[in-house]
Number of protein chains: 2
Amino acid sequence: MATGRTHRPATRSRGIPEATVARLPLYLRALTALSERSVPTVSSEELAAAAGVNSAKLRKDFSYLGSYGTRGVGYDVEYLVYQISRELGLTQDWPVVIVGIGNLGAALANYGGFASRGFRVAALIDADPTMAGKPVAGIAVQHTDELEKIIDDNGVSIGVIATPAGAAQQVCDRLVAAGITSILNFAPTVLSVPDGVDVRKVDLSIELQILAFHEQRKAGEEAAAEAAAVAQVPRESGKGPDGDVPAVMPA
Amino acid sequence: MATGRTHRPATRSRGIPEATVARLPLYLRALTALSERSVPTVSSEELAAAAGVNSAKLRKDFSYLGSYGTRGVGYDVEYLVYQISRELGLTQDWPVVIVGIGNLGAALANYGGFASRGFRVAALIDADPTMAGKPVAGIAVQHTDELEKIIDDNGVSIGVIATPAGAAQQVCDRLVAAGITSILNFAPTVLSVPDGVDVRKVDLSIELQILAFHEQRKAGEEAAAEAAAVAQVPRESGKGPDGDVPAVMPA
DNA sequence: CAGTGTGAATTTGTTCACAGCC
DNA sequence: GGCTGTGAACAAATTCACACTG
């Protein structure tokens with residue numbers, strides 16, 4: 001979502017909403033599972049359940065792609081798999097480089113979900129010279145010095161950054177300079193890139209923080225419920241690093 | 001998303017939009033960086049730039065938390081760090097269990113971003129008996145059999161699932177039965193959980209697929225730009241798009 | 001008649017623009 | 001003067017409900 005929309009020339013493109021694009025992979029996965037079980041057709045209701053969305057949303061999403069269903073029947077699984085794959089650009093091969101082969105980078109290199117969707121790990125790159133040559137997930141790690149050459153030789157347009165935060169921007173700049181136009185960033189930093197380069201980020205600690213927020217809210221509600229029963233208001237100021245509270249203005 | 005919350009809880013205006021909550025960790029990170037550099041105050045403009053959003057949005061977001069800024073000056077960094085932390089529930093300790101100690105699980109266990117934000121890895125759990133006792137990130141892996149006991153003993157309410165897709169739902173069910181109410185799911189599956197349990201998912205291959213979509217769109221635009229010399233059929237005439245749909249063409 | 005496809009209604013999120021305060 | 005805080009305008013996304021069709 002943070003990914004650069006905004007600058008869109010007058011050319012009326014095939015206006016698939018961003019929210020819809022983000023769900024297509026979900027539908028695709030559910031459809032693939034059905035396909036493997038040789039299910040020939042699905043209704044929007046069934047497929048929606050499998051993908052964890054509601055059926056109206058799913059039908060609306062599909063309507064942006066075209067009319068691929070049959071009224072009174074549902075959707076042809078194989079046909080829909082093909083159409084969504086095509087729409088997402090998965091019918092072509094996408095060579096990918098992963099930069100930063102630490103724990104996370106290695107996990108990514110080993111992740112099966114990549115290869116199975118047309119993404120091919122073209123190279124693993126790390127700044128540590130002692131890593132060079134070591135095989136990870138069956139691929140020899142290469143040194144950062146080779147970065148530009150690797151990207152050029154393999155026609156890579158998608159890069160994955162799994163370096164420490166401090167190195168991320170630098171790596172990003174080099175990737176962009178080398179011609180990469182899509183970046184998946186796992187480093188906990190905001191990357192700045194020129195127009196025309198897409199960045200998506202995956203941030204583990206942000207997801208946990210969002211969960212913590214909701215978790216806290218739940219706890220607060222329980223407490224409120226109890227308090228309501230007992231008719232007593234619990235103070236919250238006994239917890240946490242109170243000494244650290246900057247006394248600026250009282251709420 | 002939340003269970004039918006129609007009215008605001010009586011206490012205070014606790015109606016923070018989901019989109020805002022999702023950005024708070026971003027602001028917090030930018031603020032923490034400023035704090036470490038001993039910057040005393042920031043304007044919405046500066047902070048917004050650091051967090052990669054625009055300033056109007058940031059001010060609006062903060063307005064949901066309260067009036068923590070000073071007109072003509074900006075925001076007090078330390079004070080805001082505290083307020084956002086409190087809002088997110090990060091002033092308390094959140095014990096977390098990670099289930100599935102493969103490549104990804106190990107990466108998560110080693111990930112520094114957890115510990116630094118009040119998240120404490122209380123236990124690592126794996127189904128493989130040969131893993132039991134092995135230290136990962138300084139913590140001995142425990143067997144799945146112990147799952148319920150671990151959660152109970154440590155008062156864990158947040159679980160991270162990093163197992164293969166096939167095991168995820170089963171693990172999820174056990175976590176929920178054991179009392180966990182927030183789950184961060186890395187397995188490429190839709191988890192079904194009872195009401196009151198929050199699930200967030202991180203899906204590596206979905207992110208790549210979204211990038212591929214945009215990447216493809218860029219390539220298409222280049223082609224379109226080239227073809228602009230030649231007459232191009234304007235879309236958007238009738239109902240459905242497409243006259244270029246293959247009749248029936250499965251994978 | 002079951003189930004898609006879609007306008008219209010609603011909700012949620014973003015941006016604008018400026019009043020109000022320091 | 002500079003910058004926050006916020007109503008009001010705008011845009012995006014979701015949901016509803018039903019006409020239509022195989």
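Computed from a predicted model, the values in this text were never measured in an experiment. In what follows, chains carry the letters A, B, and so on, assigned in the order in which the sequence lines appear, proteins first and then strands, with residues in each chain numbered from 1.
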So which protein N/O to nucleotides 19-22 of chain C N/O distances come out below 3.5 Å?
residue	atom	partner	partner atom	Å
C/dG20	N3	B/Arg71	NH1	3.3
C/dC22	O4'	B/Arg71	O	3.2

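Donor-acceptor pairing under 3.5 Å is recorded for the side chains of B/Ser205 and B/Gln209. In this structure, a donor-acceptor pair under 3.5 Å is absent between the side chains of A/Asp76 and A/Thr41. Side-chain contact annotation: A/Gln169 with A/Thr189, donor-acceptor N/O pair under 3.5 Å absent. No donor-acceptor contact under 3.5 angstrom links the side chains of A/Thr91 and A/Arg86, judged on distance only. Of the N and O atoms on the side chains of B/Asp61 and B/Thr20, at least one donor lies less than 3.5 Å from an acceptor on the other residue. For the residue pair B/Arg59 and B/Ser44, a side-chain donor N or O sits within less than 3.5 Å of a side-chain acceptor on the partner.
A/Tyr82 has its ring centre no less than 6.0 Å from the ring centre of A/Tyr79.
Sequence neighbours left out, not one pair with a member in residues 35-61 of chain A passes ring-ring contact (aromatic ring centres under 6.0 Å, His included). Residues in residues 17-39 of chain B take part in these ring-ring contact (aromatic ring centres under 6.0 Å, His included) pairs, two or more places apart or across chains: B/Tyr27-B/Phe62.
Residues B/Ser63 and A/Thr20 both approach DNA chain D. Their nearest nucleotides, taken by heavy-atom distance, put B/Ser63 toward the 5′ side.
Qualifying side chain to side chain contact (heavy atoms under 4.5 Å, CB included) partners for A/Ala49, counting only residues two or more places apart in sequence or in other chains: none.
Extent of DNA chain D lying under 4.0 Å from chain B heavy atoms, first and last nucleotide in 5' to 3' order, is D/dG2 to D/dA8.
The stretch residues 34-62 of chain A touches DNA chain C through A/Ser43, A/Ser44, A/Arg59, A/Lys60, each having a heavy atom under 4.0 angstrom from the strand.
OP1 or OP2 of C/dG3 has not a single side-chain nitrogen or oxygen of A/Tyr68 nearer than 4.0 Å.
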